[in-house]
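Notes follow once the structure below has been shown.
The shown structure was predicted, so the numbers you read here are calculated from the model rather than taken from an experiment. We name chains A, B, ... by the order of the sequence lines, and we start the count at 1 in each one.
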Amino acid sequence: MAKIQAPKGTRDFYPDEMRRHRHLEDVWRKVSLRAGFEEVDGPIFESLDLYIQKSGPEIVEQLYNFKDKGDRDLAIRPEFTPTLARMVAARQAALPRPVKWFNISRVCRYERAQKGRLREFWQWNCDILGAPGVEADAECITLAVEALREFGVTSEQVEVRLSSRRLLAAILKHHGLTDEQMPAVYLALDKLGKVPPEVGKQMLDELHLSPELRHDIEVILTSNTFDQMLRDGGSFGFTQGATDEMNRLLSLLEANGVKDFVRFDLRVVRGLAYYTGPVWEVFDKRGELRSICGGGRYDNLIATMGGQPMPACGFGAGDVTTGLLLDSLDLWPTDIGRVEFYVIGAAAESFAVVGQLRSAGRSAQCDLMGAQINRQMKVAADSGARYIVTVQSDSLRLREMNSGQEREITLDELLKV
RNA sequence: GUGAGUGUAGCGCAAUCGGUUAGAGCACCAGGUUGUGGUCCUGGGGGUUGAGGGUUCGAGUCCCUUCACUCACCCCA
């Protein structure tokens, strides 16, 4: 029989990989719960229409869809947000506000696999619904930063680039662009951060913008703070409300202690039809990886999906890019998911001690191969156990592997180590 | 969808100009030594050189086809 390999763009998780994956999920879940988000989930497949409703018919090309035996058109979820929107809309009136939900979803997208992008991956999603103000945006950004900090990532290594679709749209409108003309400019802006300056210049030339707009775009590109942009570029036609909103968001981020991670940068655009307010994306500062995490405000989504209008913001982070980030910064913990005790000795004696440890809520294992003591010792050392316990008739010895310290110990003491 | 690169043991690799039976390391297994550790020694299993075809006295090596993987473009919810 021919060996069948895993489908393109998928991964097998052997124990080493699974430990790492578990670490990602553990951190994501921990910081979410710590911030008062509640975990939710839905089906891994949905009606194809759910995705078409949110993203248009073109989306079908980019997802795994199929007909079930009842001839229903279904799709494996390519993202969690439509499910979230469906769930919120179904109980909209009854949900206490704000709704703060998170989810770690396994998702599939039919795309060419490449670095940092596979056909099956996990996405951590956090959303806040029913909160119209920038407090919710600040909460989301802060949560993303807290996860990065928990992974051991510093503000030297990554940054949150914060933009605003509201501000961008105001600038373009101020210069007389119609809603139809805006996407081309958004697209160019988005590219500008990612291509060499000459190429960027050429892209802008091709748009034939007015000199005034061209000037404002130059200011956008060279501004590192919102204040600086306003100083260099004047009002840009912003309303007081729009300016206040960004300033308030920035001061909330400062109050939350994540200011050092955040840089104002209007080049960040993200999906075209979707976002309505602040948008942001996390990048590694070395510029080696695609974006690690991103989100923003999408106040129209719930109504689009058939619910009552409801303000919303949120973000998603992928396991693949996050993993690559931890790879490149060498931030994987080495002691995760290992059994705490490895008990060495004759089978009957080892089993007795292992049983006691497990009953006491500790993790423990022993030899199952009938191996000689020296062999057991080697296996125990290789297992990464924190403690090795040797049992010989009635005497127990405990060895702490990091320090190498060893001592005689009673069973009662052992259970409390 | 477009373009480029790479396929040799479980893994990362070597094999001169096309030349004998494709090698060593790590990992795995067995034995020995160190009696409570990660050492060391000996041995072992593992390969249709991705697959198919061609050129040749002879192909891991050259040519064609195909498949897979990787990277980039497009796209990125």
Starting from C1' on B:rC26, measure out to CG on A:Asp382 and report it in whole angstrom. 13 Å

Checking N1-N3 plus N6-O4 or O6-N4 for Watson-Crick, or N1-O2 and O6-N3 for wobble, each under 3.5 Å, the partner of B:rC11 is B:rG25

May I have the distance from A:Arg119 (atom CZ) to B:rU70 (atom P), rounded to whole angstrom? 10 Å

Rounded to the nearest 0.5 Å, what's the gap from CG on A:Leu357 to CG on A:Leu414? Could you check? 4.5 Å

Among B:rA77, B:rC75, B:rA72, find the nucleotide with the atom closest to the side chain of A:Glu79. B:rA77

Whole-Å gap separating P (B:rG35) and CZ (A:Arg397): 15 Å

Base, sugar-phosphate, or nothing: which does A:Gln376 touch, judged by heavy atoms less than 4.0 Å apart? nothing

Determine the interatomic distance between C1' on B:rA22 and the same-named atom on B:rU49; round to the nearest Å. 8 Å

Does the cation-pi check pass for A:Arg165 over A:Tyr186, that is, NZ or CZ under 6.0 Å from the six-membered ring centre and within 45° of its axis? yes

N/O donor-acceptor pair, side chain A:Arg270 with base B:rA77, under 3.5 angstrom: no

I want to verify a distance call: between B:rG32, B:rU70, B:rA77, whose nearest atom is closest to the A:Pro78 side chain? B:rA77

Can you identify which nucleotide, out of B:rU36, B:rU2, B:rC74, has its nearest atom closest to the A:Arg112 side chain? B:rU2

What is the nucleic acid contact for A:Thr81, judged by heavy atoms within less than 4.0 Å: base, sugar-phosphate only, or nothing? nothing

With rounding to whole Å, what would you report as the distance between B:rG25 and B:rC62 at their C1' atoms? 30 Å

Does B:rU70 have a Watson-Crick or wobble partner in any strand here, with both distances under 3.5 angstrom, and which is it? B:rA4

Please pick, from B:rC76, B:rU36, B:rG38, the nucleotide with the shortest atom-to-atom distance to any side-chain atom of A:Arg290. B:rC76

Under 4.0 Å, counting only non-hydrogen atoms across every strand here, what does A:Asn374 touch: a base, just sugar-phosphate, or nothing? base

Short side-chain N/O contact from A:Lys378 to OP1 or OP2 of B:rU39, under 4.0 Å: yes

Between B:rA77 (C1') and A:Trp122 (CH2): distance, integer Å: 19 Å

Which is true for A:Gln392 with a 4.0 Å heavy-atom rule: it touches a base, it touches only sugar-phosphate, or it touches nothing? base

Pair partner, B:rA30 [Watson-Crick or wobble, under 3.5 Å]: B:rU42

Separation of the P atoms in B:rU66 and B:rU39, to the nearest angstrom: 49 Å

Using a 4.0 Å heavy-atom cut-off across all strands, classify A:Arg375 as base, sugar-phosphate, or nothing. sugar-phosphate

What integer number of Å spans the P atoms of B:rU65 and B:rU2? 16 Å

Cut-off 3.5 Å, side chains only: do A:Gln356 and A:Ser359 have a donor facing an acceptor? no

Tell me which donor-acceptor pairs under 3.5 Å the side chains of residues 372-381 of chain A have, and how far apart each pair is, sequence neighbours excluded?
{"unit_1": "A:Gln376", "atom_1": "OE1", "unit_2": "A:Gly345", "atom_2": "N", "d": "3.1"}
{"unit_1": "A:Gln376", "atom_1": "NE2", "unit_2": "A:Gly345", "atom_2": "O", "d": "3.3"}
{"unit_1": "A:Gln376", "atom_1": "NE2", "unit_2": "A:Ala371", "atom_2": "O", "d": "3.0"}

For atom P, what is the distance between B:rA24 and B:rA9, given to the nearest Å? 15 Å

Relative to the 5' end of RNA chain B, which residue comes earlier, A:Leu63 or A:Pro7, by the nucleotide with the nearest heavy atom? A:Pro7

A:Arg109 has its side chain closest, among B:rA77, B:rG38, B:rC71, to B:rA77

Separation of atom CG in A:Leu398 from atom P in B:rG37, rounded to whole Å: 16 Å

Using whole Å, what does the distance between atom C1' of nucleotide B:rG35 and atom CD of A:Gln372 come to? 11 Å

Looking at the side chain of A:Lys191, which of B:rC74, B:rG38, B:rA77 is the nearest nucleotide? B:rC74

Output all residues satisfying salt bridge (charged side-chain N to carboxylate O under 4.0 Å, His left out) with A:Lys8, sequence neighbours left out; order by chain, then residue number. none

Side chain of A:Met377 only, heavy atoms from C-beta on: which candidate in B:rU36, B:rA77, B:rU70 is closest? B:rU36

A:Tyr186 OH to B:rC75 C1': how many Å, rounded? 20 Å

When rounded to the nearest Å, what value does the distance between P atoms of B:rA72 and B:rA59 take? 38 Å

What integer distance in Å separates A:Arg399:CZ from B:rG35:P? 13 Å

In whole Å, what separates the C1' atom of B:rG23 from that of B:rG31? 25 Å

Let me know, please, whether A:Tyr110 or A:Val391 comes out on the 5' side of the other along RNA chain B by nearest nucleotide. A:Val391

So, A:Trp124 versus A:Ser32: side-chain donor-acceptor pair below 3.5 Å or not? yes

Between B:rG50 and B:rU61, how far apart are the two P atoms, rounded to whole Å? 8 Å

When you get a sec, tell me which of B:rC76, B:rC73, B:rU2 is the closest nucleotide to the side chain of A:Gln114? B:rC73

Pairing partner (Watson-Crick or G-U wobble, both distances under 3.5 angstrom) of B:rU55: none

Contact class for A:Ile59 vs. all strands (heavy atom < 4.0 Å): base, sugar-phosphate, or nothing? base

Are the aromatic rings of A:Phe151 and A:His23 close, with centres under 6.0 Å apart? yes

Are A:Lys8 and B:rC69 close enough that a side-chain N or O sits under 4.0 Å from OP1 or OP2? yes

Ring centre gap for A:Phe102 and A:Trp28 strictly below 6.0 Å: no

